[in-house]
2 protein chains.
Amino acid sequence: MDSAPKPAGDGGETAVAGPREQARAKIEAKILAAAEAVFAEHGFSGAAMSEIARRAGIPKPNLHYYCKTKEELYRRVLQQILDLWLGTADEITPDADPAAALSHYIAAKIDLARRRPLASRVFANEVIHGAPQIGDFLANELNDWVARKAKVIDGWVKAGKLQPVDPKHLFFMLWAATQTYADFAVQIAAVLGRKKLQAADYDAAAKQTTEIVLRGLGLKVR
Amino acid sequence: MDSAPKPAGDGGETAVAGPREQARAKIEAKILAAAEAVFAEHGFSGAAMSEIARRAGIPKPNLHYYCKTKEELYRRVLQQILDLWLGTADEITPDADPAAALSHYIAAKIDLARRRPLASRVFANEVIHGAPQIGDFLANELNDWVARKAKVIDGWVKAGKLQPVDPKHLFFMLWAATQTYADFAVQIAAVLGRKKLQAADYDAAAKQTTEIVLRGLGLKVR
DNA sequence: ATAAAACTTGATCGATCGGTCAAACTTTGG
DNA sequence: CCAAAGTTTGACCGATCGATCAAGTTTTAT
């Protein structure tokens, strides 16, 4: 990570990465994965640098060599998660078919909840506790992102493709209904009488959420 | 709290409470309110007993006099919150009108998100981190509660009052869509360009959520 | 070959936190 | 009035945690 003295050659001059760059990339990936898991499980305060180091398979001072402080490591994990955020909903465009675009968005979000539940939980934990680190992101990038998407949906409504709807509250509902299968997986599994959520559960969630939302917006299902 | 040596007369023999009982009740209320706020803000690990004591206006050893351990205090806060949980959805009964019952449930849940956001956040935090304290509650009481309500909704479907729907996933969606206005209030406020959510925001949320869900279930709105 | 840079690691430090203790003070019941 | 029970509080303890240091080893560039 950039906190280390010198990440060696990184200007793109060299065609192949030396053993040092490769080792560094491998370790940083291990660290980020371990940190995401520990932050998801225990929250920022409850996460111990020693446990992150242990799970990453390195001594604690070595972890501090790559990430000077716990807060910096936490921010790095969050940054990785925010990149996931803004990469979704590419299908929500003015000319797209609303039913297809929304179906795809819901499916993608549920799929993310299944494949990256830890990321979702770290994000949820951060926001629940007041977003001390990503407050600026929420007020700037995310605000802009939603404003752009809201214009698209408003356009759909004006074109008569959709029942009138407040696009922002629609997003809040979609985010909540999909991310709950990551953040509240333990609760949902308990109510479904399972130890762990299974593939069929996520499929059922995506199917029914899509049906209710599409029909609720006056769109034809399927 | 029951951890203290003797809560004086509590068998209901005395008609009026003495000054000691009154003071005890007042302090316990202060402690629970302070604890709920600190646990909501910092999570279990991040919450400091010293800060809870400070916000309750008592010295730390006095806090430990009323609640022996941090975990016990946390469980007490959670218990208070779980009581809120099971008290909702009384209107979801076999003979009720589905549209009216679901509208009322959504409105009540959004109202709870507005009036008791701290309770919702403590609960969310607990579940996100694996429900170490309330796992049994989820697998027993809540599981039973949902099973009962699911039977009611299945009955509605069989009576042709409703589009076919998986009642459990419907509850997951309703819980998520309503509690998000408590748990993720900071994010929602940022996207809406506000410092804090206002009464009109909650009203808009309840209105639109109700519309989409009811229409999505094949029910007439209003 | 060699020096500089990058990386590794055992030992340790200061701060914070949950919890305890013992000595006080206050209320209650006889 | 007085003893027992209940309550309050400043001082303190051991454990844990984030972070640092200093002495090493390995890689890189010339």
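Below, each value reflects all heavy atoms present in this structure, side chains not excepted, and no hydrogens, waters or symmetry copies. Note that the coordinates shown come from a computational prediction; the quantities given were computed from them, not determined experimentally. In what follows, every chain begins at residue 1, and chains take the letters A, B, ... in the order their sequences are listed.
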Margin query: Using a 4.0 Å heavy-atom cut-off, does A:A47 contact any base of the nucleic acid, only the sugar-phosphate backbone, or nothing at all?
Written below: sugar-phosphate
Next item on the list: For each nucleotide in nucleotides 19-26 of chain D, reading 5' to 3', give B when a protein heavy atom comes within less than 4.0 Å of its base, S when such contact involves only the sugar-phosphate, and - otherwise.
Entry: BBB----B
Next item on the list: Could you tell me the separation between the CD1 atom of B:I27 and the C1' atom of D:dT9, rounded to a whole number of Å?
Entry: 13 Å
Notebook entry, point to check: Looking at the side chain of A:Y65, which of C:dG18, C:dC7, D:dG6 is the nearest nucleotide?
Noted result: C:dC7
Notebook entry, point to check: When the distance from CG of B:N62 to P of D:dG6 is rounded to whole Å, what number comes out?
Noted result: 15 Å
Check: Can you tell me how far C1' of D:dC17 sits from CG of A:L73, to the nearest Å?
Finding: 15 Å
Next item on the list: Of all the heavy-atom pairs spanning A:K60 and A:A53, show the shortest one and how long it is.
Entry: CA-CB, 3.8 Å
Next item on the list: Examine the side chains of A:N125 and B:H129 and answer whether a donor and an acceptor come within less than 3.5 Å of each other.
Entry: yes
Next item on the list: Could you check which of C:dC7, C:dT8, C:dG18 has an atom nearest any side-chain atom of A:R24?
Entry: C:dC7
Checklist line | Rounded distance in Å - CZ (B:R54) to C1' (C:dT16) | finding: 15 Å
Next item on the list: May I have the distance from B:L63 (atom CG) to D:dT7 (atom C1'), rounded to whole angstrom?
Entry: 14 Å
Next item on the list: Please report, rounded to the nearest Å, how far the P atom of D:dT16 is from the CD1 atom of A:I52.
Entry: 18 Å
Check: Partners of A:R75 by salt bridge (Lys or Arg N to Asp or Glu O under 4.0 Å), sequence neighbours excluded?
Finding: A:E71
Check: Is the gap between the ring centers of A:F44 and B:H42 under 6.0 Å?
Finding: no
Note to self: For A:A101 versus A:A96, what's the shortest heavy-atom pair and its separation?
What the structure shows: CB-CB, 4.2 Å
Notebook entry, point to check: Got a salt bridge between B:D111 and B:R114, using NZ or NE/NH1/NH2 to carboxylate O under 4.0 Å?
Noted result: yes
